[in-house]
There are 2 protein chains.
Amino acid sequence: MAMDTDTAQRQVLDAADGLFYERGVQAVGMDAIRTASGVSLKRLYQLFPSKDALIEAYLDRRDALWKSMLADHVDAATDPRERILAVFDFLDDWFRQRDFRGCAFINSFGELGTVSPRVAELAMQHKEGFRQALTELSKAAGAADPERLADHLILLSEGAITRSAISGSPDPALRAREAAVLLLDATLPRD
Amino acid sequence: MAMDTDTAQRQVLDAADGLFYERGVQAVGMDAIRTASGVSLKRLYQLFPSKDALIEAYLDRRDALWKSMLADHVDAATDPRERILAVFDFLDDWFRQRDFRGCAFINSFGELGTVSPRVAELAMQHKEGFRQALTELSKAAGAADPERLADHLILLSEGAITRSAISGSPDPALRAREAAVLLLDATLPRD
DNA sequence: ACTCTAGGAGAACGATGGTTCTCCGCGCAA
DNA sequence: TTGCGCGGAGAACCATCGTTCTCCTAGAGT
């Protein structure tokens, strides 16, 4: 009758993801997660020894999921320039999801950045991973200064994320893509 | 001996600004504001009937202050193109402030956006004000499509704000300025 | 001097949060 | 069958929060 450990863990993480992302980490109590997951408080606390641990697991999973969604979009293209632009198609897809609420890492950092070094660190690592991905793509596209191009593309992406979250419209993804085209035209060697 | 209403109000807003901005709105209790401001709870509640009202006043004041700091930087330049780039000099100044913690509106939106329509509205209005300022600057610089240029510049700015907040470095302002130069070169008519 | 009232300090109140504990039932080893 | 231990439901506990209330002091008007 006892639900096995793996599915219990998954259900807790599913519930945490939905609630934390929608309402913010501080606004969601452990009781809400217990109700949404159907996993008792006792079990919940033996799977995750504290709310902080659960928040960390939530962010870890988001990071992995996000990276894999990004990779799926990028890998659907072969031309190096198209692979860069695929990043913005990915953003467009993401922004169109009904539950889109901005970047979980930015949101969590805003809530806990000053008080939880762990959350601050996870946010930095997540963003650093994105930066490295963009640097690779820029290198593959033949940019003379791939790190710089990556930085410019990140700014457009992050800007699109927060603008889309606040405005509630997916448009910023298109605007960011346009701007990226201009930047690529100005930066990459002609072909 | 009673402190007059204006100074009490100012002290409360000063304290609220410091605490809300540093730790986030939810993490700061009214008691902390009372201690930091030196204004008794009773008086505090007759100045601001609820914490929500205080949050709103805090955001209102941030909006006004931010706009005037931006205007100061922009108005220090006369050449239309320089006036656009002054936006990024403003960001650089801002990011270098020791207490810089990102955009108060983005942070508050992340915390309360789904639960407080008022905060969501204030965040939208703040960003819309920025958008209009950039649209005016783009128009003055002779852009063929000033709204589009403004959108592109906003993405760079917002991206720089969140990246600087998370990385703790002011660098993103410089990167955003570089990218803005590339965009202006690609967008504005030659002179 | 005697009210009268605004304001300060802080207790009080009811709600909610994270975390732990109690009690109970159930499946399994001997 | 008899313990035994895991897990479920939810109460319990202690802290904190937003908000209000009580009590008291001190100054202003008469």
Expressed in angstrom and rounded to an integer, what is the separation of [X] atom [atom1] from [N] atom [atom2]?
X       : N      : atom1 : atom2 : result
B/Gln26 : D/dG18 : CD    : P     : 9 Å
A/Asp31 : C/dA15 : CG    : C1'   : 13 Å
A/Phe48 : C/dG18 : CZ    : C1'   : 16 Å
B/Lys51 : D/dC17 : NZ    : P     : 8 Å
A/Met30 : D/dA15 : CE    : P     : 19 Å
A/Arg34 : D/dA9  : CZ    : P     : 6 Å
B/Leu54 : D/dT19 : CG    : C1'   : 14 Å
B/Tyr45 : D/dC17 : OH    : P     : 12 Å

- Whichever of B/Val39 and A/Leu41 has its nearest DNA chain C nucleotide further upstream toward 5':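 The residue whose closest nucleotide sits nearer the 5' end is B/Val39.
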
- Contact under 4.0 Å: A/Gln46 side-chain N or O vs D/dC6 OP1/OP2: no

- OP1 or OP2 of C/dG8 under 4.0 Å from side-chain N/O of B/Arg43: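 Checking B/Arg43 against C/dG8: at least one side-chain N or O falls below 4.0 Å of OP1 or OP2.
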
- Query: Sub-3.5 Å donor-acceptor pair from the side chain of B/Arg101 to the main-chain atoms of B/Tyr21, do we have one?
  - Reply: yes

- Message: I'd like to know if the side chain of A/Tyr58 and the backbone of A/Gly18 have a donor-acceptor N/O pair within less than 3.5 Å.
- Response: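 A pair under 3.5 Å: no.
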
- Taking side chain as C-beta onward, heavy atoms only, is A/Leu134 less than 4.5 Å from A/Phe130? yes

- Query: Do A/Asp63 and A/His126 have side-chain atoms, one donor and one acceptor, less than 3.5 Å apart?
  - Reply: yes

- Message: Nearest heavy atom decides the nucleotide; on that basis, is B/Lys42 or B/Asp52 closer to the 5' end of DNA chain D?
- Response: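 In this pair, the answer is B/Asp52.
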
